[in-house]
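Below you'll find the structure, written out as structure tokens, and then a few comments.
Just so you know, residue 1 is the first one in the sequence shown, and it goes up from there. If you're wondering where the values come from, they're calculated on a predicted model, not measured in any experiment. The figures that follow rest on heavy atoms only: side chains count, while hydrogens, waters and symmetry mates do not.
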Amino acid sequence: MSRAANRLKLLIDHLDRSQAAIRAAPTAAQTFTHSSHPHRLRYTFETDLLSPEQRLFYEENGFILIKNLVSEEDIDKFRKEFERICRKEVKVPGMVVMKDVAIVNSEFVEDQRAVSKLQDFQEDPELFRYCTLPQILKYVACFTGPNVMAMHTMLINKPPDAGKKTSRHPMHQDLHYFPFRPADRIVCSWTAMEKVNRQNGCLVVLPGTHMGTLQEHDYPEWEGGVNKMYHGVRGYDSQLQRVHLEMEKGDTVFFHPLLIHGSGMNQTQGFRKAISCHYASAECYYIDVKGTTQENIEEEVKEIAARKYAVDEITFKDVWAFRGRLVQGERVSL
């Protein structure tokens, strides 16, 4: 037996142990179940890219960090495009320019210092190029399969905290926002555009929570206010074990949509930039979220979209179908 085959056999044997032997950070009301196919890895596909150790890490933790994946040259181009958008030199159809709730009404903050996030940049050729980078898509296909849709795009410009802790992002699961399934065929790529650490508000994750269920989400009751659409896990226990993902420029983390994560406030005087895209297999399908814990986000998204596109009625599915773009393979369902 070859060395690689032997390593994979050890990996599969490891996953076939009793669930109690696998350590993970649990969540409230979380349930753990074995895959119905104990000898097949649940969250990743076999490719020549991820090593057995990397696949095992993702299976157990729900995320994997790849160092120096995006070049400095590309990141600098994305930064320049962001600055052009902030100066209103270019207008991108369908894109939402967001401001932090603590600075949104300040007349003293202007240009890129007033912008906390660009959302839905799929119609901007330069920024969308991030979603099509070959080195990103090679990893994405390990989680989605060969037919890949880019479904949700963001460039985050976390501002220095204004003293009200509003630059925080509550602990949440991205699946709360998505009306498509299966969850295991969705993945986010999140790339640091500069050094990211605990001081400027790096990502914080709860390893292993991707094996749980979708929790109820709502706006947290924060004294300083909460940014629009920043829902958090209801009743989140802040004492749970967390991992801070400190990253260098160009480092990229891939994570599962059920992984509970968030970010701390930016305690520096600079801005913390990152660019991200949520991908899904083109074989994914839409679901009706009526009567589920996602109904609150559905109503909020529909209300915003109706104003944004000046229409009387729009469905949750329509909003996401408009955002989605094929980046690899065939558009099968989404």
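Remark: aromatic rings of H278 and F178 are close, center separation under 6.0 Å. Aromatic ring centroids of W320 and F180 lie under 6.0 Å apart. Checked against the 6.0 Å centroid criterion, the rings of H231 and H217 do not qualify as a close aromatic pair. Taking the six-membered ring for Trp, F255 and Y58 have ring centres at least 6.0 Å apart.
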(request) Please report the C-alpha distance between K80 and E126 in whole Å, then the side-chain angles of each, then the deciding distance to 0.1 Å, and finally whether the salt bridge (Lys or Arg N to Asp or Glu O under 4.0 Å) criterion is met. (result) CA-CA 10 Å; K80 288 178 181 177; E126 179 56 46; over 6 Å; no
(request) Take T293 and Q215 through the test side-chain hydrogen bond (donor to acceptor under 3.5 Å, both in side chains) and record every step on the way to the result. (result) CA-CA 7 Å; T293 61; Q215 308 291 303; over 6 Å; no
(request) Start with the C-alpha distance between T144 and S281, add both sets of side-chain angles, then the distance that settles side-chain hydrogen bond (donor to acceptor under 3.5 Å, both in side chains), and finish with yes or no. (result) CA-CA 5 Å; T144 64; S281 166; 5.9 Å; no
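Under a 3.5 Å cut-off, the side chain of H244 and the backbone N or O of L203 do not form any donor-acceptor pair. Side chain of Q135 to main chain of V70: no donor-acceptor pair is present (N/O by atom type, distance under 3.5 Å, no hydrogens or angles).
Between E330 and A282 the shortest heavy-atom distance is O-CB, 3.1 Å. Of all non-hydrogen atoms in S263 and K158, the two that sit nearest each other are OG-NZ, 2.9 Å.
In this structure, a donor-acceptor pair under 3.5 Å is present between the side chains of E300 and Y219.
By the 30° and 60° cut-offs, the orientation of the rings of Y130 relative to F78 is perpendicular.
Open room surrounds CD on E73; 12 or fewer heavy atoms of other groups in view lie less than 6.0 Å from it.
Ionic pairing of K195 and E246 is not present here: no N-O contact between side-chain nitrogen and carboxylate oxygen is shorter than 4.0 angstrom. Using a 4.0 Å cut-off between charged side-chain N and carboxylate O, K77 and E81 make no salt bridge.
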